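Lettering follows sequence order; numbering is per chain, from 1. The structure presented is a predicted model; accordingly, all values stated were derived computationally and were not measured.
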There are 4 protein chains.
Amino acid sequence: MNKEHNPVGRPRNEQARTAILNAVDDLLFEVGYAAMTMKGISERAGVSRQTVYRWWSHKAEILFEASAADAEEELAISLSGDPLDDITAYLEALLRFLAHSLAGAAYRALLGEAQHDSVVAELLSAKDPLGDSARVVIERALGKDTLPVPLEQATALLIGPSFFWILSGRDPAQLVPRELAENFIHGLQARQSR
Amino acid sequence: MNKEHNPVGRPRNEQARTAILNAVDDLLFEVGYAAMTMKGISERAGVSRQTVYRWWSHKAEILFEASAADAEEELAISLSGDPLDDITAYLEALLRFLAHSLAGAAYRALLGEAQHDSVVAELLSAKDPLGDSARVVIERALGKDTLPVPLEQATALLIGPSFFWILSGRDPAQLVPRELAENFIHGLQARQSR
Amino acid sequence: MNKEHNPVGRPRNEQARTAILNAVDDLLFEVGYAAMTMKGISERAGVSRQTVYRWWSHKAEILFEASAADAEEELAISLSGDPLDDITAYLEALLRFLAHSLAGAAYRALLGEAQHDSVVAELLSAKDPLGDSARVVIERALGKDTLPVPLEQATALLIGPSFFWILSGRDPAQLVPRELAENFIHGLQARQSR
Amino acid sequence: MNKEHNPVGRPRNEQARTAILNAVDDLLFEVGYAAMTMKGISERAGVSRQTVYRWWSHKAEILFEASAADAEEELAISLSGDPLDDITAYLEALLRFLAHSLAGAAYRALLGEAQHDSVVAELLSAKDPLGDSARVVIERALGKDTLPVPLEQATALLIGPSFFWILSGRDPAQLVPRELAENFIHGLQARQSR
DNA sequence: GTGTAATCGAGACGGTACGTCCTGTCTTCGG
DNA sequence: CCGAAGACAGGACGTACCGTCTCGATTACAC
C-alpha cells in the first residue's frame, strides 16, 4: 500500500548499497576525495560498476549520502540551559567536525567541489548540515524572537569564523571556542542594546 | 649586476607564458574549473603540452599565478579614516570578489581543491589574499595595539561570515555589508569594555 | 562441449577485431610499417585505443595476425609430380611473396623488427611461414628419406638465396627461379652421389 | 688542393664526432637498436643534440658509419689457395659476423630497418659489405671466368643460406660451414658439367 | 686587432605517439 | 528487474622523442 505497489523483477540488493557507502567512506580516508573514482568505489565494494551508476550519478552523491547522517549527529549537542555554555559546546563540535572528523572531511570535499560543480552545489543547498545545526542551537540557546538580526545571518556570524579558519588551512588549535562564543553573544547584545 | 647574467640555453618565451595564463583565465570563465584540463589549456594557448608542464605541474598552479595579482588588487581598498566606512568598504570588496569576480571564482576553485589536495593547500597558505588584505584593513582602520583579540582571529571574525555565506552557496544580495561591519566593530568593542 | 561454454561478461566485438586487422593491412600499404602507429591504427579502424591494446600489445602482433593466413596461402603450391617444376613453382611463389605481395611486405617488416626486438623474434619463431612451406615442398617433391642433408638445412639452401636477394634490396627480376631450382636440386644430388 | 680549400668558420670538432660514433656502438650493445634515440646518443656522447643532427640525419646513418669499417674487416679473410678451405673460412667469418659480432648486429638492425625505410635501404645498397666480401672471395677462390653462373648470383648462393638461417632466428650452432661450402662448390660444379 | 662565419653547449619550443586510466554506456549470462 | 562481468568509444593523463629554434661562447680564417 504504502510502498511502490508492484516492483516487478529482482528487488534492490541492500548489501550492495551499504557496501558502496562503506567503500566510499573507506576510500575518502585512504586515498582522499580527488583520487576516489567510481571505478575504485565499485571495485572496493565488490560490486559491478553498473550497480553504482544505477543508483547514483556522481561520487559526490554517494559521499553525501554516506556522510549526511554522521554530520547531523556530530553537530547535534545537548543543551545545558546556559547560552554561553551551549554556544561554546556547539563551536567545539563544529571545530571537531570540520577539522578532525571523517564526515567533516567529506563535507569539506563536497563543499570544495560545489565551488566548481553546480550539481554538487545544489546537492549541498538541499541539505545543509551546518546551517541546520546552527539554526537549532541559536533558537534554543538565545531564543528566536529576541534576536537583533535575522536568524540566517546569525548562523553566518556563528559559523563563519571557524569555517573560514579551517577551510583556509589554519591550525584549529589556535582557535578558542569559548572566546568565539563570547564574541558572538556580545556582538549580538551590542546590536540589541542600541 | 643584480640579474642572472648567464642564463644558458634558449631563453623562455614570454609570449607562451602569457598565452597560457590568459588561456587559463578564459577557460575558467568559459568552461569552469572542473572541465579545465592541461590539454585544453595548451591547445587554447596555442602552445605545446610539454611547454605547460615545463613551468607548472598542475592547473591549480597556473590559475593561482594567473589570478593572484588580480585578487590582491580587487581586495585592496583606499581608506577614508572612518573605521566603520572602511570596514564596510572592505566587506563590499570582499563580497564582490568572492561572489562576482573572475579572480574570486579562481580563488574559490583553488580553495575548494585545497580541501582534498595538499599541494594546492600549500600553494594557498603561501600566499593568502584574504588574510593579507584583511590584516591590512584592520590594522589601519582600528589600530593594531588597541585590538582586544589577536589580529589573526580578528581577520577570521571579519572575513568568516561573508566567506561562509558565499561558499555555502547563499545569495550575496541578502548580506548587508554595513550591518556586518557594525557587528564586527561592536563585537570587538564589547569585548574591550569588559 | 568443445567451446568455452561460460564466457562471462560482454563478448568481444568481432567487427572491431576485423576492422583493426583491416586497418593494419591498409596502413602497411599506405604509409609503411615505420609510420604505422597504434594511435593511427585505432583511428583508422574507428575503434578506441584501449580496444586495440586490450587484444594486442604491439603493432607487430596485429600485423602478424593480419598477414599470417595470407602468407600461408600465398606460399602453398599445388604439386605437379615433377621435382624441378615443383621447386621452380615454389621459388616463383616465394619471390612473388617476398618482393611483390602485401603479406610479404608484412613478413619482411616483422622480420626486420625481429632483428632488434626479441618479442617480435619470438612471435616469428613460433609460426614460420617460409620454413613451413619449404619443408612441405621439399618433402613432397624430393622425398623425405632420400635427402642427403637434414630437412631443415635443405630449406635454408632452398630459401636462402632468394631471401638474401630480396632483403638486401636487389632487383627480383634478375633472379631466374628455374636456375635456382636446378642449382638446388643438382647441389643435393652432387652431395648424394659422393 | 684535394681538400675543401677554404673552410671558413670554426672547424668541426673531431672529438665530438668520435664520441658520437662510440656512443652509438655502446648503445647498440646496451639497449639495442630500437631503444636507441638521437636524444640518448647525444647525451651519452656528452654532446649537444644539434651537433648530432648537424652531421647525420638518422640514427641509421650514424650506426652505419660506426660499423662499416668493422664489418669490412671482419668479413675479409686471408686465402690459403684451397677453394674449399677458403669458402669454408669465409662462411665461418660470415656466421661469426651475423650471429655474434657487434658490427653484425648493427648490420642486421640496419637491414631490418631497410625493409620499411627507403632511406636506410639506399644507404645499405650504396655500400654492401656482404656482397662485396663474397664477390672477392668467390673471384679469388674459384676464378672469375670459370663460374657457370653470374658472379652476383653466385654470391647469393654462397651467402643466402647462412643469411636466412641467422635472420630467421635459427641457432647458428646447427649450421656446419664446411658442409655449406661443399654444397656451394658441388652445386656450381654440377651446373658446369652439364 | 677586428670582423665574419661556422661550431658547440644548453635548453626552450610545437608536435605527436606512447601506454594507462577513468568515464559512462552497452551487452551478455544468470539469478 | 537486478546484478556481475567485462567490452566498448572517448578523452585526459604525464612522459618521451622528434626536429627546429634561439641564445651565448668559442675558434678558426681573412682583412
Side-chain angles (χ1 to χ4, degrees), chain A residues 6-13 15-16 35-43 45-55 57-59, chain B residues 5-17 35-43 45-55 57-59, chain C residues 5-17 35-43 45-55 57-59, chain D residues 5-17 35-43 46-55 57-59:
Chain A
N6 266 337
V8 113
R10 183 175 175 174
R12 177 171 183 183
N13 182 346
Q15 284 186 330
M36 200 170 83
T37 66
M38 292 297 255
K39 185 169 183 278
I41 293 166
S42 71
E43 282 167 2
V47 141
S48 112
R49 210 125 60 83
Q50 188 66 68
T51 301
V52 181
Y53 280 109
R54 205 185 318 269
W55 304 108
S57 310
H58 310 286
K59 62 177 178 175
Chain B
H5 43 93
N6 267 340
V8 91
R10 181 176 176 175
R12 178 172 184 181
N13 183 346
E14 203 57 30
Q15 285 186 330
R17 181 178 167 272
M36 199 169 85
T37 66
M38 292 297 255
K39 185 169 186 281
I41 293 167
S42 69
E43 282 167 3
V47 139
S48 109
R49 209 126 61 87
Q50 183 73 79
T51 298
V52 180
Y53 281 109
R54 206 189 317 273
W55 304 107
S57 308
H58 311 284
K59 61 176 177 175
Chain C
H5 44 94
N6 266 340
V8 92
R10 179 176 177 176
R12 178 171 184 183
N13 182 347
E14 202 58 29
Q15 285 185 331
R17 180 176 168 273
M36 199 169 86
T37 66
M38 291 298 255
K39 186 168 185 279
I41 293 166
S42 70
E43 282 167 2
V47 139
S48 109
R49 208 125 62 88
Q50 184 73 76
T51 298
V52 181
Y53 280 109
R54 207 189 318 271
W55 303 108
S57 309
H58 310 286
K59 60 176 177 175
Chain D
H5 40 97
N6 268 337
V8 109
R10 181 176 178 174
R12 177 171 185 184
N13 183 347
E14 200 58 27
Q15 284 186 330
R17 182 178 167 272
M36 202 169 81
T37 66
M38 292 297 255
K39 186 168 183 279
I41 294 167
S42 70
E43 281 166 3
V47 140
S48 112
R49 208 127 60 86
Q50 186 67 70
T51 299
V52 180
Y53 279 110
R54 205 186 320 268
W55 305 108
S57 309
H58 310 286
K59 61 177 177 173

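The side chain of D:P11 lies closest to F:dA28 when the candidates are F:dA28, F:dG10, F:dC18. If you check F:dC13, E:dG19, E:dA17 against the side chain of B:K39, the one that comes closest is F:dC13. When each of F:dT27, E:dG15, E:dC13 is scored by its nearest atom to the side-chain atoms of D:R49, the top-ranked nucleotide is E:dC13. With F:dG14, F:dG3, E:dT27 as the choices, the nucleotide that has an atom nearest any side-chain atom of A:T51 turns out to be F:dG3.
Place A:M36 and C:G9 on DNA chain E by their nearest nucleotides, and A:M36 ends up nearer the 5' end. Remark on DNA chain F: of its neighbouring residues C:V47 and B:K59, the 5'-side contact belongs to C:V47, judged by nearest-heavy-atom nucleotide. Nearest-nucleotide positions on DNA chain F for C:A16 and B:S57 put C:A16 closer to the 5' end.
The backbone N or O of A:M36 sits less than 3.5 Å from a side-chain atom of A:K59, completing a donor-acceptor pair.
Contact annotation: C:R12 does not reach the phosphate of F:dG6 (side-chain N/O to OP1 or OP2, under 4.0 Å). Residue C:W55 places none of its side-chain N or O atoms closer than 4.0 Å to OP1 or OP2 of F:dG6.
Counting distance only, with no hydrogens placed and no angle test, the side-chain atoms of B:R10 and the base atoms of E:dC13 include no donor-acceptor pair under 3.5 Å. You won't find any donor-acceptor pair under 3.5 Å spanning the side chain of C:Q50 and the base of F:dC8, going by distance alone.
Judged by a 6.0 Å distance limit and a 45° cone about the ring axis, D:R17 is not positioned over the six-membered ring of D:W55.
Straight-line distance from the NE2 atom of C:H58 to the P atom of E:dC18: 12 Å, rounded to whole Å. We find that CD of C:Q15 is positioned 14 Å from C1' of F:dA7, with the value rounded to whole Å. As rounded to whole Å, 13 Å separates atom P of F:dA16 from atom CZ of B:R54. Here the P atom of nucleotide F:dC17 and the CE atom of D:M38 are 13 Å apart, to the nearest Å. For the pair C:R17 CZ and F:dA9 C1', the computed distance is 20 Å after rounding to whole Å. With rounding to whole Å, C:N13 atom CG is found 14 Å from E:dT25 atom C1'. Per the geometry, OH belonging to D:Y53 stands 18 Å off C1' belonging to E:dT7, to the nearest Å. When the C1' atom of E:dG9 is taken as reference, atom CD of D:E43 falls 13 Å away, rounded to whole Å.
Looking at heavy-atom distances under 4.0 Å, A:G40 makes no contact with the nucleic acid at all.
The two residues C:M38 and C:S57 have their closest heavy-atom pair at CE-O, 3.6 Å.
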